[in-house]
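Taking it in order: structure first as structure tokens, then the write-up.
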Protein chains: 4
Amino acid sequence: MSGSLNKVCLIGNLGKDPEIRSTQDGREIANLTVATSESWKDKNSGERKERTEWHRVVIFSEGLVKVAKNWLAKGSKVYLEGQLQTRKWTDQSGVDRYSTEVVLQGYGAALTMLNKVDRDGGHEEDDAPPAQRPQQPPSELLDDEIPF
Amino acid sequence: MSGSLNKVCLIGNLGKDPEIRSTQDGREIANLTVATSESWKDKNSGERKERTEWHRVVIFSEGLVKVAKNWLAKGSKVYLEGQLQTRKWTDQSGVDRYSTEVVLQGYGAALTMLNKVDRDGGHEEDDAPPAQRPQQPPSELLDDEIPF
Amino acid sequence: MSGSLNKVCLIGNLGKDPEIRSTQDGREIANLTVATSESWKDKNSGERKERTEWHRVVIFSEGLVKVAKNWLAKGSKVYLEGQLQTRKWTDQSGVDRYSTEVVLQGYGAALTMLNKVDRDGGHEEDDAPPAQRPQQPPSELLDDEIPF
Amino acid sequence: MSGSLNKVCLIGNLGKDPEIRSTQDGREIANLTVATSESWKDKNSGERKERTEWHRVVIFSEGLVKVAKNWLAKGSKVYLEGQLQTRKWTDQSGVDRYSTEVVLQGYGAALTMLNKVDRDGGHEEDDAPPAQRPQQPPSELLDDEIPF
DNA sequence: TTTT
DNA sequence: TTTT
């Protein structure tokens, strides 16, 4: 019992397809890039403004990795619940860097699809393999506008 | 209406006294450093493990800055609710860096004190200046473990 | 400062159109009937089970009443955030009864539309009057399967 | 996957000791009575007002029943997370009645103690039997204000 | 990069 | 009564 709470709840859209990777010990994890946006009227100018926030999401829970893999794609709207974790790493010039992520793992983690995105095929079975995704263009991987 | 949600809920303890700063346009903001911790039994070794996570919190809401200023101190346990924002900045060597913070601003922001920390005096009036704080005693929350 | 938290978060679908009523002092309130459902596989029989829970929602916040009135209809999927309140009333035979509702009022209340439901017309302006709704059939009002 | 969310988060104090009962099939469940309160200044009179809300909480999760049994008592402050359920029952005069409860069961359920209440002994072992509880002292949480 |  |  720790007397503390660390919870993040997001409703947003995936900016790209989930990225599935394997750890050294053979478990799969999924990385999501989720956009939340809010809009408001500027008090002075009266014009409509919008701000989009991008979130890194890392899924360790086996069942939720399966959901991400089989059901989510670029544009999917999701509800997710996880916890904030800041990870330390060292960049190529030896400087300490920190990256903050929303981690879905263990109790309290949740991932729910809120819409259906057009995907070739669709999946009736939970364990069905995902439809073949087109090879991602390199621009997706090299895009340096993404803030992480 | 944006159809999105960006919410962080934390229950944790302040690692140090709130830091109050003023913006150029004269408004006050408060920075909190909040620790959440979780503990679990390692499946293999059976030993008790603990992990502490540190969160940067920035308060813009005028009323909540006042709460932080007048009622919170190192060691205070709080419940807070805000949103995730990642801010870009440039370090002294000109490299882009990102910092993720929990921002308390506008609707949906909340800050509640969950315990009373010994402070000389206490405050009956919301707007009373904080009592002079005693030098902080050594604490289980060690300043040099805070990663920022 | 109360040191307490009373928060309900729902994502669900409206079971009927919002009901708009006026209080004696001329303010409008909206009542929503929201269904959440969960499904699971029964451990013994292996069959898929589903349970639907119905929630009474009462909206007092002026802006959110407007959202309900102008944008929501039977079938709408919403995210909402409010607080639990149990109201006491006396039934026709003089017995005390209690009704628990999710109340959207003041800080921390939220209501977001997560999908678009087909409605005749649609509304470009926040303040535009809602499309003319067909008169509700009496069966809607008399339905005694609704648990409240 | 249902696309819905049913979540209640409370921080409040127990109005009485947890009540532990056994189901027919031998599992233990715990009932909590939790008070949340909020206070505000009346806009017209300027006087401070307070409203206390009482919540019925039912715990089915085995581990959380153990937490309630061994660590909680009247006056304990807790954080808990569960879901809303309305249960139908028939009163002694044969009238259908409904009772809405916060249910802690399965994924997403949480119960955390936020303070220590004086208890003779305390418990170092999770599974230790609770110390004999002293007769409860008169308290600011008056039993006869609890509406159930 | 998403979405409205 | 909703929805998947």
Side-chain angles (χ1 to χ4, degrees), chain A residues 10-19 31-40 48-57 67 71-80 112-118 122-124 126 136-137 139-148, chain B residues 1-6, chain C residues 10-19 31-40 48-57 67 71-80 112-117 122-124 126 136-148, chain D residues 1-6:
Chain A
L10 302 178
I11 294 175
N13 298 283
L14 302 213
K16 43 178 156 173
D17 285 345
E19 293 167 350
N31 286 269
L32 307 183
T33 296
V34 175
T36 57
S37 58
E38 54 181 337
S39 65
W40 68 97
R48 192 114 221 109
K49 302 231 176 170
E50 175 154 0
R51 176 191 162 91
T52 294
E53 191 69 39
W54 289 96
H55 309 270
R56 280 176 181 279
V57 176
V67 169
W71 296 100
L72 302 183
K74 180 175 179 171
S76 293
K77 172 165 283 191
V78 295
Y79 170 80
L80 65 85
T112 304
M113 184 175 37
L114 294 176
N115 70 344
K116 278 228 164 53
V117 157
D118 278 336
H123 306 289
E124 297 309 312
D126 271 13
Q136 293 302 327
S139 62
E140 288 266 331
L141 304 170
L142 299 174
D143 190 343
D144 57 13
E145 292 176 22
I146 305 183
F148 44 75
Chain B
M1 214 284 308
S2 69
S4 69
L5 172 73
N6 175 355
Chain C
L10 302 178
I11 295 174
N13 298 282
L14 301 213
K16 42 178 156 172
D17 285 346
E19 294 168 350
N31 286 270
L32 307 183
T33 296
V34 175
T36 57
S37 59
E38 55 182 337
S39 66
W40 68 96
R48 192 113 220 108
K49 301 230 176 169
E50 175 153 359
R51 175 192 163 90
T52 293
E53 191 69 40
W54 288 96
H55 308 271
R56 279 177 183 278
V57 176
V67 169
W71 295 101
L72 302 183
K74 180 175 179 172
S76 292
K77 172 165 282 190
V78 294
Y79 171 79
L80 65 85
T112 304
M113 185 175 36
L114 294 176
N115 71 344
K116 278 229 163 56
V117 157
H123 305 289
E124 297 311 311
D126 271 13
Q136 293 303 327
S139 64
E140 288 266 330
L141 302 171
L142 300 173
D143 190 341
D144 58 12
E145 292 176 23
I146 303 183
F148 44 74
Chain D
M1 214 286 307
S2 67
S4 69
L5 173 73
N6 175 356

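Computed from a predicted model, the values in this text were never measured in an experiment. Residue numbering restarts at 1 for every chain, and letters A, B, ... go by the order of the sequence lines.
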Test: C:E50 and C:R48 ion pair at under 4.0 Å: no

Proximal nucleotide (of F:dT3, E:dT3, F:dT1) relative to the A:E50 side chain: E:dT3

Rounded distance in Å - CE (A:M113) to P (E:dT2): 20 Å

Nucleotide nearest A:K74 (side chain, heavy atoms from C-beta), chosen from E:dT1, F:dT3, F:dT1: E:dT1

Sugar-phosphate, base or nothing in reach of A:T52, heavy atoms under 4.0 Å: base

Value in whole Å for how far the P atom of E:dT1 lies from CG of A:N13: 16 Å

Within-4.5 Å side-chain heavy-atom neighbours: A:N115 and C:N115: no

For atom OH of A:Y79 and atom C1' of E:dT2, their distance in whole Å: 19 Å

Nucleotide E:dT3, atom P - distance to CZ of A:R48 in whole Å: 19 Å

Atom pair CZ (A:R56) and OG1 (A:T33), whose distance is rounded to the nearest 0.5 Å: 7.5 Å

Rounded interatomic separation in angstrom, taking CG from C:N115 and P from E:dT4: 11 Å

Euclidean distance, atom CG of residue C:L32 to atom C1' of F:dT3 [Å, nearest integer]: 16 Å

Closest listed nucleotide, where the reference is the side chain of C:K16 and the choices are E:dT1, E:dT3, F:dT1: F:dT1

Distance, rounded to the nearest Å, where A:W54 contributes CH2 and E:dT2 contributes C1': 4 Å

Interatomic distance, D:L5 CG vs F:dT3 C1' [rounded to whole Å]: 14 Å

Candidate list A:N13, A:L114, A:L72, test side chain to side chain contact (heavy atoms under 4.5 Å, CB included), partner A:V78, passing option: A:L72

Nearest-neighbour nucleotide for the A:T33 side chain, E:dT1, E:dT3, F:dT3 considered: E:dT1

